[in-house]
Amino acid sequence: MALVRGRAADLAVEADAGRLHLRLRDQFGYALGHRAGSREVVSWQKSLPILLRDLVNAGLGDLEVLLEHQLPHSRQRIDVVLAGAHPRTGDSGFVLVELKQWSRAEVHLAEVLNVSGLPGRHLHPAEQVRGYCQYLVDHTPALADRPRSVHGIAYLHNARRADVVTLTQYPTSEYGRLFTMDDKAELTAHLLAALDPAANRHTNLAAGDEFLKFAHRPTKPLLELAAGEIQDREQFVLLDEQRVAYELVVQAVERSRAANTRTVVVVEGGPGSGKSVIALSLLGELARRGLAVHHATGSKAFTQTMRKVAAQGQPRVKGLFKYFNSYVGAEPRELDVVICDEAHRIREKGTTRWTKKEHRDRADRQVNELINIANVPVFLLDENQVVRPGEMGSLSEITAAAEALGCQVEVVRLHDQLRCGGSVSYDSWVARLLGLGHAPEPPIAWGKLAGPLDEGITLTSVDSPTALEAWVLAQQAEHGGVARIAAGYCWPWSNPKEGPDGRYLVDDVRIDGWARPWNAKSEAQAVPGVPASDFWATDPKGFGQVGCIYTAQGFEYDWSGVIFGPDLVRRDGRWVPARTASKDPAVKRADDLHFAALIKNTYKVLLTRGMRGTAVYSTDPETQEFLQEMTR
C-alpha cells in the first residue's frame, strides 16, 4: 500500500504549495501509528517537488504516482512508483524511484559508499532500487512473466555528476540506473522510453490500481533459484524422526493441494536434534516443486545468518527468509507452506512500532497469523529455549490455536543428537543440572551418567575465566574447529567508544583481573575488525568477544566456554536466581516464576552450543564448587 497516490501534475501543485509533505506526514502517522522522523519529512519536502516538476516538464503529468509504497512482507518502502503504459506495447509499466538529497558521495568499496555529511556506510542507490525491483518481481507472480515492465532509477537531484563521479561508474541495468541533476535530459528520455506520455488518465489510473492489487507470493523463478542454491549446494541427510517430520510435511502439502485440507505440523526437539536441517531440506524441496514457501523465525541473528549462508551467492534468495512479524495483517493462505524455525520464540502479538495502523487494526495473535498465512504451517520448537518475557511458543499453544482454526495437527518428537558430539546423555545431564523438565530429576555427575556413546563430547570445569579462554583456544589449536565464550547477561553493555586508533569495544565483562568486551551490538555501531552481532557465532573474528544468549541462540560451534554469572547461583542444594544480578532489562521485568525459568533456559541454551566440547566456570564460589563436582 502507498501512503499517498495521485496524478503527477496534481501532486506537483500540492508539493509546490508546501502541502504534500504535510499530507504524507499525517498519513504516515495514521497508517503506521507513530510519527514520521523529522529527517524523512524534510526529505519529502525537498525531493518530491523536484521529481514531480521534472515529470510535468517531460509531458508525464498524467502519470499515476504512488508515494512511500511498502514492499510485500517487508518494512522497506519505495520512495515513488510511477504507473502508466508502455509507449510501444500499451501494457502497464512501472518505474520505481529512489530519491536522494546527497550532493557529494564516493565509493568506499564495491557498492558501499561514503556520503558527505552522513555517518556510517551507505548502499549505492542504484543497487538499492535494483534490489527493490528484483524483490518485487520475485514476489509478484503477475510480474514474473513480464519482468521488463518494471524499471528502477535512483535520482540524486542535488548532485552534480562531477561530485559523484565514482558512483556513475557502477554497472547499470533496467532495474538500477543512476541520474544526477546534470542528467535531466537523459532522465526524461529514459522515462519516455518506459512510460507513454500520450496514455490517457483512465489507462494510468488502471495501471496504478493494478499495481496496488497485485497478489504477492514467491514466484517460480525465485523458487527455482532457491532450490538450486539451498538444496543442490548442501546435501542434507535426514535420519529417523527427521525423515518422518520431512515426509509428514510433504504429505500434508500434497493433501492440501488435492483435497483443500489444512494441516499444522509441529516438530519438537532439543538443541542439535536437526530442526534447522529439516527446515532447510523442506525449503529446498518445496521450492524445487514451485510451491510458495517461506522460512520464518523470531530471531534477527538467526534470520540474518540464514540469509547470508543459505542464500550465499544469490541475494534474491534472501527474500524467502522472513520474521514472524512479517505476516501481521496479511491475507490468509498467501503461501503453500511457512516453515517456522525457532518457534518457541513466538510472541503474543507480532505488531511493532513500525506496523501500519491498518495492519495493526487487523492484527491477530501471532500464532494465529502464522497458521493462517499458509495451507501447511510447520513449527519447529524447543520449549526449554524460551529466554525472553513474552515468548510463548509451545506445543499446547500451537495445538490449541490450530484446532480452533479447524486444522489437523501432526506432532513429531526428535531424539537424535547432532550437536554435543552426538552424545545420548549430554542433553539429559544439562536438564538434570538445571532442574528442567516437567518432572525434573536431581543433578548427577557427568562421569556417572556418561557411557560409551558419549565419547564424542568433552565436558570439564575450570577455575577462572583465564583458564576457560585458554582451554577453548587449546582445543581449537589441537583439534581444529571454532571456539567461542558466552556468558549470562550479568555485566553492563556499553556502546563502542572512540579512541585515537578509531572505534573500539569496551571491556565490560570483568572478572577479577580478566576483562573482555561483549559482542558488538549492531551494524549501526560497527567496529573495525569486529563482526556485527548477527554473525558473532559464525564469523572467524567473533573470538575475543563474549557472546550473550541473543547472539548464541540458534547457532553452534565446536568448543564452547560458558560463564555462569551471579544471576543463577547454587545455595543449599538448589538453584537461586538473583534478579538484582541480571543486566538484561527485558528479563528483569518478568515475575519471579518466569524470571527463574528464563534464567535457567538461558544457561541451558549456552551449555548446548558446543558440538565437541564445553567448559564451564562460575563467578560464585559455591556454584563453582557444584559445577566442578558435576563435571567429574
Side-chain angles (χ1 to χ4, degrees), residues 217-218 223 238-270 273-298 320 322 324 326-350 362-383 386 391-416 438:
R217 55 192 279 144
L223 292 166
L238 301 178
L239 304 174
D240 301 335
E241 298 102 336
Q242 299 165 0
R243 191 73 198 182
V244 171
Y246 175 92
E247 292 297 340
L248 277 177
V249 173
V250 172
Q251 291 168 17
V253 171
E254 292 173 352
R255 284 199 309 272
S256 74
R257 294 170 70 81
N260 201 30
T261 60
R262 300 191 65 214
T263 304
V264 171
V265 180
V266 183
V267 182
E268 275 195 303
S273 56
K275 297 187 296 296
S276 293
V277 171
I278 295 168
L280 282 181
S281 297
L282 285 168
L283 185 61
E285 172 62 19
L286 298 173
R288 185 183 66 79
R289 297 185 181 198
L291 299 177
V293 56
H294 281 171
H295 178 286
T297 79
L320 295 181
K322 301 291 183 181
F324 291 157
S326 298
Y327 307 107
V328 176
E331 294 298 322
R333 304 177 80 164
E334 288 188 359
L335 304 173
D336 293 305
V337 181
V338 61
I339 302 166
C340 301
D341 208 346
E342 301 271 299
H344 39 270
R345 304 198 67 170
I346 290 172
R347 306 184 74 83
E348 175 64 28
K349 290 279 189 177
R362 293 164 51 194
D364 199 347
R365 297 177 69 223
Q366 188 166 80
V367 66
N368 290 350
E369 290 169 342
L370 293 170
I371 292 171
N372 283 328
I373 194 65
N375 292 324
V376 181
V378 182
F379 296 91
L380 303 109
L381 63 91
D382 175 4
E383 294 182 9
V386 173
E391 293 178 347
M392 51 169 292
S394 67
L395 176 60
S396 59
E397 286 282 353
I398 294 168
T399 299
E403 291 175 346
L405 292 170
C407 301
Q408 302 176 43
V409 179
E410 299 270 12
V411 179
V412 181
R413 290 179 173 85
L414 305 177
H415 299 101
D416 280 350
H438 299 298

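Side-chain contact, Arg333 with Asn375: a donor N or O sits under 3.5 Å from an acceptor N or O. Ser256 and Arg262 are not linked by any side-chain donor-acceptor pair at a separation below 3.5 angstrom, with hydrogens and angles left out of the test.
With rounding to the nearest 0.5 Å, the separation of CG in Leu335 from CG in Leu320 is 10.0 Å. Taken to the nearest 0.5 Å, the CG atom of Leu282 stands 9.0 Å off from the CD atom of Glu247.
Scanning all heavy atoms of the two residues, the minimum distance from Leu283 to Ile339 falls at N-CD1, 3.7 Å. Here the closest heavy-atom approach between residue Phe324 and residue Cys340 is recorded as CE2-CB, 3.7 Å. Counting all heavy atoms, side chain and backbone alike, Asp364 lies closest to Lys349 at O-CD, 3.6 Å. When every heavy atom of Ala401 is checked against every heavy atom of Asn368, the shortest pair comes out as CB-OD1, 3.5 Å. Considering all non-hydrogen atoms of both residues, Val386 and His344 come closest at CG2-O, 3.7 Å. Residues Val293 and Ala287 approach most closely at CG1-N, 4.0 Å, considering heavy atoms.
A distance-only check finds a donor-acceptor pair linking the side chain of Glu334 to the backbone of Glu331 [under 3.5 Å]. Between the side chain of Ser326 and the main chain of Lys322, no donor-acceptor pair closer than 3.5 Å is present.
The side-chain heavy atoms of Gln366 and Tyr327, taken from C-beta on, include no pair separated by under 4.5 Å. With contacts defined as side-chain heavy-atom distances shorter than 4.5 Å, the pair Glu268/Asp382 does not qualify. By the 4.5 Å heavy-atom criterion applied to side chains, Leu414 and Ile278 are counted as neighbours. Between Ile398 and Val264, some side-chain heavy-atom pair lies under the 4.5 Å cut-off. Under the 4.5 Å side-chain criterion, counting only non-hydrogen atoms from C-beta, Glu342 is not in contact with Leu381. Contact annotation: the side chain of Glu348 never approaches that of Val367 to less than 4.5 Å [non-hydrogen atoms, C-beta and beyond]. At a threshold of 4.5 Å between non-hydrogen side-chain atoms, the residues Glu391 and Ile346 do not count as touching. Counting heavy atoms from C-beta on, the side chains of Pro377 and Leu370 never come closer than 4.5 Å.
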Practice item. Please lay out, stage by stage, how Ile373 and His294 fare under the test side-chain contact (heavy atoms from CB on, under 4.5 Å). Key: CA-CA 10 Å; Ile373 194 65; His294 281 171; over 6 Å; no
Check your understanding: So Glu403 and Leu405, side-chain contact (heavy atoms from CB on, under 4.5 Å) or not? Walk me through it.
Key -> CA-CA 5 Å; Glu403 291 175 346; Leu405 292 170; over 6 Å; no
**Study point:** side-chain hydrogen bond (donor to acceptor under 3.5 Å, both in side chains) assessment of Thr263 paired with Arg255
**Key:** CA-CA 9 Å; Thr263 304; Arg255 284 199 309 272; 3.1 Å; yes
Check your understanding: Does the pair Asp336 and Val376 meet the rule for a side-chain contact (heavy atoms from CB on, under 4.5 Å), with working shown?
Key -> CA-CA 6 Å; Asp336 293 305; Val376 181; over 6 Å; no
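The pair Arg289-Glu285 meets the salt-bridge criterion, since a charged nitrogen lies less than 4.0 angstrom from a carboxylate oxygen.
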